[in-house]
Amino acid sequence: MKKTKITAVRNIGIIAHIDAGKTTVTERILFYSGRSHKLGEVHDGEAVMDWMPDEQERGITITSAVTTCPWKDIEIHLIDTPGHVDFTIEVERSLRVLDGAVGVFSAVEGVEPQSETVWRQADKYHVPKIAFLNKMDRIGADFYGTVAMMRAKLNANPLVLQLPLGMGEDFQGVIDLIRMQQIRWDDASLGTVFTTGDIPATMADRVAEYRDTLIETVAGEDDELMEAYVSEAPIDAGQLVAAIRRATIRLKLVPVLCGAALRNKGIQPLLDAVAHFLPSPADIPPAKGVHPQTGEITECPPRDASPLAALIFKVSMMEGRKLCFVRVYSGRLQAGSEVYNSTLKRKEKPARLLRMHANKRDRIEEAGAGSIVGVVGLKDSSTGDTLCTPEHPVLLEKIETYEPVISIAVEPKTHSDQERMDEVLEKFTAEDPTLRVRRDEDTGQTILSGMGELHLDIIISRMQREFNTSVNVGKPQVMYRETIAARAEATAVFDREIAGQRQSAEVALSVAPLARGAGVTFGSAMPVDALPAPLLEAIRKGAVESLGSGPLSGYPAVDVGITLTAARLKDTLSTELAFTVAASMACKEALARANPFMLEPIMAAEVLVPDAFLGDVIGDLNSRNGKIESVEHKLGVQVIAVEVPLSRMFGYSTALRSATQGRGTFSMHFARFDRS
């Protein structure tokens, strides 16, 4: 296979809110670039990039899919990412390794909530972007309103490169403001044929206005163009394209194009824009890592001759085999050649390298700098690990993950399901860093935690579809605790014949409440030599173990101080067993007299919400017995710190999204047990 120059490579992602048309845009890109020979439609379940059965059934993207396609003399490595907030980790880890992004917006709905989220993620990784305003053929499409929303909601500097020829049912094509021509697509040819022509007289004034604004805006961000603009020298299309490219790569401008992907209009100019304005791996600053031993900053220049530095950004189980998706930042990755995983500090051997096309793949022998490939044969490596050479070890920045916000309990339906369930869940957690599995020691339940109801619903569905493993699903039981409010004393006598031997003991002790989180303490008020050490240990064991089941509902008792006040021995009849049982009896009786009450798990939560919804969200948290700790303003959102009982937080993920039009997010962790 002929090697593509690194300057001709574009690593891009398609990002957007759910149902803005990302996958349809991607399918058109594959069709017009010749990568696929049939238009796959999302609504028919035939989209190439939505290959999972759950994606085809639901008409949404669940997992980011990688493909490669040619466009003129450019090689595009493209990742189609999910738009639903439950799968935001897929966007996060894709943007971590991409050089550019195409933000797709519905011209009807404008900038939607998840659009803001993915845009912020792209900003975090300093990813240059271009915008494609889709669905221009739909009733209610508003090109100019959507551009204004981009400016207001995304804090972006949109640069309009095209104007629509009509909107809604009247949409016919676009006006190219760089080359000052109109472009119309031929419906009969599925958009493969398009014609250019003169600008309609009815739009001449508006086009002239936007052309002037275009040149002024670019000149304001590019010194080379500013010189020509100030001297009033003629500015041709080539100069303008070069200047826009420089400003886009420096994150100063966001080129804006428009079209209707479902009607096969606007995709070829979008591909040209990807080639012209988004960077190659050579156009962006080299990736930086640290030396694992010295901590010294190491640059990884995008050259094949440099030492290997590659990042595993995704792990997937395909046909039962582990497939790692890798971005090669520098050097060459070769099939069969040993590499060093600097994260795990061990060597691995890639068995095969694959050029991916959704769930299909072509085998290749090596991948150079700037490549995104699939790797089979990495046994222990996982998401976020760095691959390098032992001679030049480097650790690249790991991929941030999100804490799960919702949990369910799962149990196998049959014995055969039991054998498979643990193995299947282990595979899923290897794939998805936002999915957590733990076993609740108190209830024996297997608890599955994820980013939302849809996220967990997909996992349960995949267990059945892909691994033929059926489970029953229920809410996990909230584990309460018990404690006491007062001091109390009790005496217990144990006198019984066991296995032909009489055993007798008498124990008196007191219990007292301790501070929250203090746990359980045991002490003796008796003289040091009053009891042999084995008997004192037997009393301690019996008293402490009795706290495993409290007097109210059988939950463990906590924050209790136990003091031994008296113990009576009866010569040979006093055994360790007798003292253990007597201490347990005395402690249980004392607890029942000490005004016991319930404690529930209190969670520390952080809720991010846009200003407009702050009052509603705080009101809802108050209704859940939440205690607001602080409210701070950060980057266009309000951050609410709150403590709230876990029992009141089931279903909160859905409630928050409903109250904030999908724009609110939250995370929480256990704080302590306390009264609600």
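Note: hydrogens, waters and symmetry copies are ignored here, and every other heavy atom, side chains too, is used.
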Heavy-atom nearest pair, I175 first then P200, reads CD1-CD, 3.9 Å
How about CG on D186, more than 12 heavy atoms from neighbouring residues, nucleotides or ligands closer than 6.0 Å, or not? yes
- prompt: Just wondering, do D362 and L354 contact through their side chains at under 4.5 Å, heavy atoms?
  reply: no
Heavy-atom closest pair (A219 atom, M226 atom, distance to 0.1 Å) is O-CE, 3.2 Å
query = With a 4.5 Å limit on heavy-atom distance, are the side chains of D432 and T383 in contact?
reply = no
Would you please test D187 and K265 for salt bridge (Lys or Arg N to Asp or Glu O under 4.0 Å) and show each step? CA-CA 9 Å; D187 291 333; K265 293 177 170 67; 2.7 Å; yes
Review point. Does a side-chain heavy-atom distance below 4.5 Å link L614 with I640?
Key: yes
Problem set entry | N11 (side chain) donor-acceptor with S280 (main chain) under 3.5 angstrom | no
Taken to the nearest 0.5 Å, the spacing of D198 CG from Q181 CD works out to 9.5 Å
task = Starting from the C-alpha separation in whole Å, work towards a yes-or-no answer on side chain to side chain contact (heavy atoms under 4.5 Å, CB included) for V25 and V102.
result = CA-CA 10 Å; V25 169; V102 177; 5.6 Å; no
Within a strict 4.5 Å, meaning less than it, do heavy atoms of the V174 and P164 side chains meet?
no
If you count heavy atoms of other groups shown closer than 6.0 angstrom to NZ of K153, is the number above 12? yes
Carefully, step by step, assess L323 and V315 under the rule side chain to side chain contact (heavy atoms under 4.5 Å, CB included). CA-CA 6 Å; L323 175 65; V315 173; over 6 Å; no
Between the side chains of Q268 and W185, does any donor sit under 3.5 Å from an acceptor?
-> yes
May I ask you to check whether W71 and D272 show a side-chain donor-acceptor distance below 3.5 Å?
yes
Heavy atoms of P128 and T248 approach each other most closely as CB-O, 3.4 Å
The reported gap from CZ in F194 to CD1 in I267 (rounded to nearest 0.5 angstrom) is 12.0 Å
When rounded to the nearest 0.5 Å, the distance separating CG of L257 from CG of L133 is 9.0 Å
Are the side chains of V617 and T660 in contact, using a 4.5 Å heavy-atom criterion? yes
- salt bridge (Lys or Arg N to Asp or Glu O under 4.0 Å) between R179 and D176: does it pass, once the steps are laid out? CA-CA 6 Å; R179 291 165 186 82; D176 182 348; 3.5 Å; yes
To the nearest 0.5 Å, atom CG of D283 lies from atom OG1 of T7 at 8.0 Å
| message | Does any part of the side chain of D205, heavy atoms only, come nearer than 4.5 Å to the side chain of E209, both counted from C-beta? | response | no
Heavy-atom closest pair (P301 atom, S306 atom, distance to 0.1 Å) is CG-OG, 3.4 Å
Rounded to the nearest 0.5 angstrom, the CG-SG distance for L270 and C258 is 10.5 Å
Closest non-hydrogen contact found for A101 with L95 is CB-CD2, 4.3 Å
From the list E366, E365, E75, salt bridge (Lys or Arg N to Asp or Glu O under 4.0 Å) partner of R355 resolves to E75
For Y329 and V97 the tightest heavy-atom approach is OH-CA, 3.4 Å
- Query: With a cut-off of under 6.0 Å to the ring centre and 45° to the axis, is R246 in cation-pi contact with F277?
  - Reply: no
Rounding to 0.5 Å, atoms CD (E632) and CD (Q638) come to a distance of 9.5 Å
query = Are more than 12 heavy atoms from other residues, nucleotides or ligands located less than 6.0 Å from atom CD of E227?
reply = no
- Between the side chain of R245 and the main-chain N/O of L278, is any donor-acceptor distance below 3.5 Å? yes
Answer whether the closest heavy-atom distance between the side chains of V147 and V160 falls below 4.5 Å. yes
Practice problem: Would you sort out whether I312 and C324 count as a side chain to side chain contact (heavy atoms under 4.5 Å, CB included), showing the intermediate values? | Solution: CA-CA 6 Å; I312 300 172; C324 296; 4.0 Å; yes
**Item:** Side-chain heavy-atom pair M180, V207 within 4.5 angstrom cut-off
**Value:** yes
| query | Can N157 and R151 be counted as having a side-chain donor-acceptor contact under 3.5 angstrom? | reply | no
